[in-house]
Protein chains: 2
Amino acid sequence: MRNEYEKQLENLNVELIRMGALCEKVIAGTTKALFSGDAKYTSKSHAVEEEIDKSEHNIEHICMSLLLKQQPVASDFRFVSAALKLISDLERIGDQCADIADMIRFTTSYDLKDFKDLEEMSGAAKDMLSNAVEAYVKKDKDLAITVIQADDKVDALFDSVKKRLIKEIGKKAEDGEFYIDIIMIAKYYERIGDHATNVAEWVYYSITGEHI
Amino acid sequence: MRNEYEKQLENLNVELIRMGALCEKVIAGTTKALFSGDAKYTSKSHAVEEEIDKSEHNIEHICMSLLLKQQPVASDFRFVSAALKLISDLERIGDQCADIADMIRFTTSYDLKDFKDLEEMSGAAKDMLSNAVEAYVKKDKDLAITVIQADDKVDALFDSVKKRLIKEIGKKAEDGEFYIDIIMIAKYYERIGDHATNVAEWVYYSITGEHI
């Protein structure tokens with residue numbers, strides 16, 4: 001029975017790493033679609049987002065089975081319950097990317113050469129998620145803390161993009177809709193940062209047993 | 001065995017109606033928080049959103065159990081698989097409301113007396129969801145079609161709010177951040193309309209066996 005239990009825990013670990021990798025993939029692909037101005041990449045975002053949803057359901061199923069049938073010991077219980085929580089945030093990251101992809105798809109192609117701030121912001125959000133996944137894999141609580149702290153940077157970048165584009169709208173109201181789209185896309189990256197922070201907080205909890 | 005099966009199907013129906021009612025509640029409460037300018041209502045939005053998440057997991061569990069153990073007949077299979085899909089959209093409606101609540105909470109109180117268009121839009125999105133739930137309860141495919149058609153109205157209202165506020169930013173750039181917040185809130189209501197449309201499409205499928 002314990003053997004089956006160990007196997008299920010290991011399976012949970014593998015599936016979580018896989019789901020995290022899918023989230024990294026969807027952010028990278030969506031960001032590529034955004035900055036390449038090539039809408040064909042957006043269909044991939046939706047395909048990966050669906051894989052993420054399936055992965056979430058699969059992991060939920062593993063967690064439920066562990067909790068109901070195996071009655072895990074305290075540290076494993078923490079690991080399983082943290083997994084159940086953090087997959088909701090990973091799933092939301094998939095949603096945010098699908099939303100960005102929708103915005104790109106239904107709009108004339110963007111030329112984003114002059115949006116280095118947005119590029120920096122999307123990169124920072126992606127790094128947060130990558131580090132949160134790595135913190136999980138390596139059970140590295142310091143890296144989890146680094147992720148949580150990095151959220152301030154993403155928030156500041158969002159604020160700066162927003163303020164800059166509001167000024168642009170003031171100057172060129174005829175391009176207002178384009179700038180609004182970009183602000184909304186930036187908002188989605190800001191939310192991705194929030195969800196990566198939540199993931200890191202659950203990783204911290206699963207390692208230490210304490211809420212940060 | 002069939003008796004247990006009927007009981008599980010009835011239980012699924014009851015839980016879906018309950019989850020739909022929670023979504024109506026979270027939209028109504030969040031909209032009240034928005035237009036009353038009283039941030040205390042926003043904590044309720046988060047509480048209801050958590051109930052929605054729990055309800056989703058509960059329904060997933062019922063559906064899985066039905067699919068795995070009971071091998072439902074074709075029309076029931078459609079009903080169960082449609083349920084599995086539409087709860088994702090209901091859950092996203094909860095998320096959108098929580099996002100709106102976050103925006104209200106972290107911003108100085110809005111005075112939205114002059115935003116009749118946003119009020120109309122939020123009302124239209126709420127009606128879409130209420131009708132989608134009613135179409136489900138009454139197995140009314142015509143009402144499901146009405147919901148799907150209503151999405152154009154919500155999209156048009158969003159477009160109109162957005163265009164009006166872009167002009168306002170052009171005139172009063174110093175209020176730009178406030179107007180951007182309102183556009184983002186309007187965008188969330190537009191997404192609620194999209195999710196209500198998806199729900200209606202699944203309801204139509206579960207009744208007719210055809211995708212609209």
Side-chain angles (χ1 to χ4, degrees), chain A residues 49-50 52-54 56-61 63-65 67-68 84-85 87-89 91-96 98-100 102-103 106 155 158-188 190-191 194-195 198, chain B residues 49-50 52-54 56-61 63-65 67-68 84-85 87-89 91-96 98-100 102-103 106 155 158-188 190-191 194-195 198:
Chain A
E49 190 250 340
E50 281 177 25
I52 291 172
D53 285 357
K54 279 185 205 147
E56 186 196 17
H57 289 130
N58 185 21
I59 292 171
E60 269 169 3
H61 196 250
C63 290
M64 289 304 174
S65 165
L67 293 175
L68 293 173
L84 260 183
K85 298 299 281 186
I87 55 173
S88 299
D89 284 289
E91 188 266 336
R92 290 296 305 280
I93 288 175
D95 291 339
Q96 309 285 350
D99 283 345
I100 294 173
D102 280 342
M103 294 207 57
F106 294 121
D155 287 351
F158 172 62
D159 214 48
S160 145
V161 170
K162 189 169 74 168
K163 287 204 167 87
R164 179 171 79 79
L165 297 185
I166 288 171
K167 276 191 202 151
E168 292 295 329
I169 297 172
K171 283 188 275 179
K172 286 190 282 183
E174 70 277 14
D175 290 338
E177 290 203 50
F178 165 69
Y179 290 126
I180 292 292
D181 282 354
I182 301 299
I183 292 173
M184 285 198 276
I185 287 171
K187 177 76 183 172
Y188 286 127
E190 189 257 339
R191 297 298 293 176
D194 289 343
H195 291 297
N198 291 347
Chain B
E49 191 251 338
E50 281 177 26
I52 291 172
D53 285 356
K54 279 186 203 146
E56 186 196 17
H57 289 131
N58 185 20
I59 292 171
E60 270 169 2
H61 197 251
C63 290
M64 289 304 176
S65 165
L67 293 174
L68 293 173
L84 259 183
K85 297 299 281 189
I87 56 174
S88 299
D89 284 289
E91 188 266 336
R92 290 296 303 282
I93 288 175
D95 291 339
Q96 308 287 350
D99 284 346
I100 295 173
D102 280 342
M103 294 207 58
F106 294 123
D155 287 352
F158 172 61
D159 214 48
S160 144
V161 169
K162 190 169 75 170
K163 288 202 166 88
R164 179 170 80 80
L165 297 186
I166 288 170
K167 276 191 205 152
E168 293 293 331
I169 298 171
K171 284 188 276 182
K172 286 189 283 184
E174 70 276 15
D175 290 338
E177 291 204 51
F178 166 69
Y179 290 125
I180 292 289
D181 282 354
I182 301 297
I183 292 172
M184 286 199 275
I185 288 170
K187 177 76 183 171
Y188 286 127
E190 190 258 336
R191 298 297 293 174
D194 289 344
H195 291 296
N198 292 347

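Note that these values count all heavy atoms, side chains included, but never hydrogens, waters or copies made by symmetry. Small disclaimer: the values here were computed from a predicted structure and weren't measured. Letters A, B, ... mirror the listed sequences (proteins, then strands); counts begin at 1.
Distance check: B:E60 CD to A:E60 CD gives 4.5 Å after rounding to the nearest 0.5 Å. Expressed to the nearest 0.5 Å, how far CD of B:E56 lies from OG of A:S88 amounts to 8.0 Å. In this structure, the separation between CD1 on B:I180 and NZ on A:K162 is 7.5 Å, given to the nearest 0.5 Å.
Heavy-atom distances place no part of B:D194 under 4.5 Å from chain A, backbone and side chain included. Neither the backbone nor the side chain of A:K172 comes within contact range of chain B; no heavy atom of the residue lies under 4.5 Å from a heavy atom of that chain. Neither the backbone nor the side chain of B:K171 comes within contact range of chain A, judged by heavy atoms closer than 4.5 Å. Both the backbone and the side chain of B:E177 have a heavy atom closer than 4.5 Å to some heavy atom of chain A. Only the side chain of A:D159 comes within contact range of chain B, with at least one heavy atom under 4.5 Å from a heavy atom of that chain.
Counting heavy-atom pairs under 4.5 Å between each of B:R92, B:K167, B:H57 and chain A puts B:R92 at the top. Heavy-atom pairs under 4.5 Å with chain A peak, among B:M64, B:E91, B:H61, B:K163, at B:K163.
For the pair B:K187 and A:D99, the salt-bridge criterion is not met [side-chain N within less than 4.0 Å of a carboxylate O].
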Exercise for review: Evaluate the criterion salt bridge (charged side-chain N to carboxylate O under 4.0 Å, His left out) for residue pair A:R191 and B:D102; output intermediate values, then yes/no.
Suggested key: CA-CA 11 Å; A:R191 297 298 293 176; B:D102 280 342; 3.8 Å; yes
